Amino acid sequence: MSATWTNYGGNITATPHAIVEPKSLDDLRKIVEKARAEGRTVRGVGDGHSFSSVAVTDGYLVRTQSYGLPLPLMPLRPDVNSSNLVHVEAGMTIRTCIDTLRKMIPPKGLHNMGSYTGQALIGAISTGTHGSGWKLGPLANAVRSVTMVAGDGKAYRIEPTNGISDPGGVPDDITLIQEDTVFDGVVIAMGSLGLVYSLVLDVRDDYALVERRQVSTWNTVRPILHTGHDMFTKFRHQEVLINPYETDGHHTAVITSRRERIPSDDLDVQANRENPWQVIANLLPWHAMNVIATLMKSDASTIPGFLDSGLRTLKGMFGSRYDAVLSLGIDAVDGYASEVAVPFESTADAVDIIIDEAKTYRSEAPNESVAWRYYLTSPFSLRFVAPSSQMMAPQYDRLTTMIEIPCVSFPGTGVTVESVRLLNRIHRRLINDVGARLHWGLEFDALTAQDISTMYPRYNEWLAIRERFDPDRVFENRWSSRVLFGGSGSVISGG
Ligand SMILES: Cc1cc2nc3c(=O)[nH]c(=O)nc-3n(C[C@H](O)[C@H](O)[C@H](O)COP(=O)(O)OP(=O)(O)OC[C@H]3O[C@@H](n4cnc5c(N)ncnc54)[C@H](O)[C@@H]3O)c2cc1C
């Protein structure tokens, strides 16, 4: 009955007892009851887009994408305005959610999104997935209500104090909990508190964005990294890409800023991204063109120059619907990334640490033929994210710069041991020197239980919530047992 499961990046495999495809809340209850009766564990799995082992399981692997339909809104308190609320099954992908919202009358949209749309909503939300915009929180900040099956096999609807649901309108087989302290623990819970069935999301009217990308240098960007600067006050979204290596005496950077435009069908900005070089450059952080990969491999000293060329071709303007502007627009990804959450005010120090580690590490290559393995093979990016009240959010309680460090996946090689070692070295320095937290889905098993207790000031409160919803450890996996609860169990492999 057991089957092999591999994550999207191919660096994690597991042999679950069984892979199940539930269709309803009742199916989820039955899976938990069955697992309990057999003494097995259960794990919800989205699209497997995490590079950490957050989603592995030896027990029942629940394919969340088997339930992803829109649902009617439940009865709401009389004072709640429902015009921007939608109720959806939690396995709906971000792509389907965007398309579903756009078909509404009037058309609706997400407040923000990351650079990819293939993830299941709950898969993305529960790891703290985010986009960029210093007034925009992670996706989890849009959640108003969560319906999930806990370790006792019962269904709970969990909302903030004075939440949206009318207590009188909740079905008998769902227990309503409206408490801030519980809600702030369950939305970002990395699959460790229960199987989430549905979500109510706060959305907005559909919109369009105009994006402007300017080539600059890290030395020019450094002094503008404060919230009073025009880049932060005048634009809805801001992002910075940086070449980790020096070329011509500086580190090339690209500043991206985006303004909102309404209505979404009235766009006059040409899509510069249609230029083929621009497309290549846009994809460079994720997409390894074989030819570039081959050149980088044969002479690693060309890597900084390639990164520079890629960055320079990004210059220009692009206007379209928000999802076309914010997403990379690709279906497949030949790359992997780690992501670090640093306090906004420590951004410059964090960038200097990454540059320093990248420089030191490449000098440690034992010989020319393997030198490429000792390089970062993509520019890294700074994305700015508003604080979240979710107690296990990487962005908890602070304006955060999320620093994404992607690597190209060289053909036939996949995730390399050397690159993971470099990423983990960077993680460790950023944790120690600037109080970084790590993205739950993009941390390459660098985290330890000791890190968590110092990174998350409300960790003990969260453990108490876990005791309430999963006292028998039905949702535990090797990752949570090591990272969240102090046991052992890395499953990361590298080529
Ligand atoms: C190409 C690519 C682009 C990315 N872009 C971004 C980005 O722009 N911003 C960003 O922040 N991150 C980004 N990421 C990271 C990604 O968003 C996260 O790793 C996300 O968690 C993956 O979602 P998934 O649906 O694949 O979930 P999985 O990786 O399968 O699972 C993630 C977590 O969700 C839990 N889960 C799944 N289903 C349920 C359920 N029903 N109930 C409870 N818990 C459940 C799992 O147990 C696990 O802990 C990107 C990753 C890739 C590969």
Side-chain angles (χ1 to χ4, degrees), residues 5-12 14 20 22 25 27-28 31-32 41-57 61-68 89-95 112-132 138-140 146-150 186-199 239 283 285-287 326-341 381 383 385 392-395 400 402-404 406 409 438-443 469-470 475-477 479-480 483-484:
W5 175 85
T6 306
N7 73 331
Y8 189 82
N11 62 318
I12 295 167
V20 287
L25 179 61
D27 286 353
L28 295 184
I31 290 164
V32 173
T41 56
V42 180
R43 197 79 176 167
V45 175
D47 208 29
H49 273 72
S50 297
F51 294 108
S52 67
S53 43
V54 69
V56 295
T57 179
L61 185 155
V62 178
R63 255 197 224 286
T64 298
Q65 287 200 15
S66 61
Y67 56 99
E89 289 185 324
M92 178 180 275
T93 62
I94 296 175
R95 178 74 263 156
N112 202 12
M113 53 176 274
S115 55
Y116 193 64
T117 55
Q119 307 98 317
L121 278 170
I122 188 58
I125 285 169
S126 67
T127 60
T129 293
H130 60 89
S132 189
L139 299 186
V146 174
T147 301
M148 74 173 192
V149 175
V186 300
V187 181
I188 296 185
M190 300 76 70
S192 298
L193 300 183
L195 283 177
V196 174
Y197 169 66
S198 70
L199 300 161
E239 272 179 42
L283 301 187
W286 281 114
H287 205 72
L326 296 177
S327 77
L328 287 171
I330 51 177
D331 297 327
V333 171
D334 284 337
Y336 48 99
S338 79
E339 202 167 23
V340 187
S381 68
R383 293 188 280 177
V385 186
M392 297 304 276
Q395 307 85 4
T400 297
M402 299 293 305
I403 307 185
E404 184 181 46
S409 204
L438 304 185
H439 188 308
W440 296 111
L442 303 175
E443 56 97 7
F469 289 110
D470 191 26
F475 302 108
E476 191 146 336
N477 68 359
W479 176 87
S480 68
V483 176
L484 300 177

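The residues of the chain are indexed from 1 along the displayed sequence. We count ligands from 1, going down the list as the structure has it; atoms in each ligand are counted the same way. Note that the structure is predicted; figures quoted are calculated from it, not measured.
Within the 4.0 Å heavy-atom shell around ligand 1 one finds Gly194. For Gln65, the closest heavy-atom approach to ligand 1 does not fall below 4.0 Å. Contact annotation: Tyr67 has at least one heavy atom less than 4.0 Å from an atom of ligand 1. In this structure, Gly48 has a heavy atom closer than 4.0 Å to ligand 1.
Taking all atoms of both residues into account, the shortest heavy-atom contact from Gly131 to Arg383 is O-CB, 3.9 Å.
Under a 3.5 Å cut-off, the side chain of Ser66 and the backbone N or O of Pro22 do form a donor-acceptor pair. Put simply, the side chain of Arg63 never gets that close to the backbone of Gly91: no donor and acceptor are under 3.5 Å apart. A side-chain donor-acceptor contact under 3.5 Å links Ser52 to the backbone of Trp440. A donor-acceptor pair under 3.5 Å links the side-chain atoms of Thr64 to the main chain of Val45, judged by distance alone. Panel note: side chain Asn112, backbone Ser132; a donor-acceptor pair is recorded below 3.5 Å. Side-chain N or O atoms of Ser480 include none that pairs as donor or acceptor with a backbone N or O of Glu476 at under 3.5 Å.
The shortest N or O to N or O distance between Val196 and ligand 1 is below 3.5 Å. When only interatomic distances are considered, the shortest N/O to N/O separation between Tyr8 and ligand 1 does not fall below 3.5 Å. In terms of polar-atom proximity, defined here as any N/O pair under 3.5 Å, Leu442 makes no such contact with ligand 1.
Comparing Glu443, Glu404, Arg383 against atom 7 (C) of ligand 1, the shortest heavy-atom distance belongs to Arg383. Within the set Gly114, Ser198, Pro406, Ser115, the minimum heavy-atom distance to atom 5 (N) of ligand 1 is found for Ser115. Across Val45, Thr117, Asp47, heavy-atom proximity to atom 24 (P) of ligand 1 is greatest for Asp47. Around atom 20 (C) of ligand 1, the closest heavy atom drawn from Ala55, Gly123, Ser53 belongs to Gly123.
Listed by atom number, the atoms of ligand 1 under 4.0 Å from Ser126 heavy atoms are 33 (C), 34 (O), 35 (C). Heavy-atom contacts of Gly441 reach the following atoms of ligand 1: 19 (O) (cutoff under 4.0 Å). Each of the atoms 18 (C), 20 (C), 21 (O), 32 (C), 33 (C) of ligand 1 lies under 4.0 Å from some heavy atom of Thr127. Those atoms of ligand 1 that come under 4.0 Å of a heavy atom in Leu195, given as number and element, are 42 (N). Near Ser50, with a cut-off below 4.0 Å to any heavy atom, the atoms of ligand 1 are 18 (C), 19 (O), 20 (C), 21 (O), 22 (C), 28 (P), 29 (O), 32 (C). Heavy-atom contacts of Arg43 reach the following atoms of ligand 1: 47 (O), 49 (O) (cutoff under 4.0 Å).
Rounding to the nearest 0.5 angstrom, the gap separating the OG atom in Ser50 from the CE atom in Met190 is 11.0 Å. The CD atom of Glu339 lies 6.5 Å from the OG atom of Ser381; values are rounded to the nearest 0.5 Å. Atom CE of Met148 and atom OG of Ser198 lie 11.5 Å apart (nearest 0.5 Å).
When heavy-atom distances to ligand 1 are checked against a 4.0 Å cut-off, His439 comes that close only through its side chain, counted from C-beta outward. The parts of Ala120 lying near ligand 1 are both backbone and side chain, judged by heavy-atom distances below 4.0 Å. Proximity of Met148 to ligand 1, defined as any heavy-atom pair under 4.0 Å, is not found for any part of the residue.
Asp47 meets the side chain to side chain donor-acceptor pair (under 3.5 Å) test with His49, Gln65; sequence neighbours excluded.
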Problem set entry | side-chain contact (heavy atoms from CB on, under 4.5 Å) assessment of Ile94 paired with Leu121 | CA-CA 6 Å; Ile94 296 175; Leu121 278 170; 4.1 Å; yes
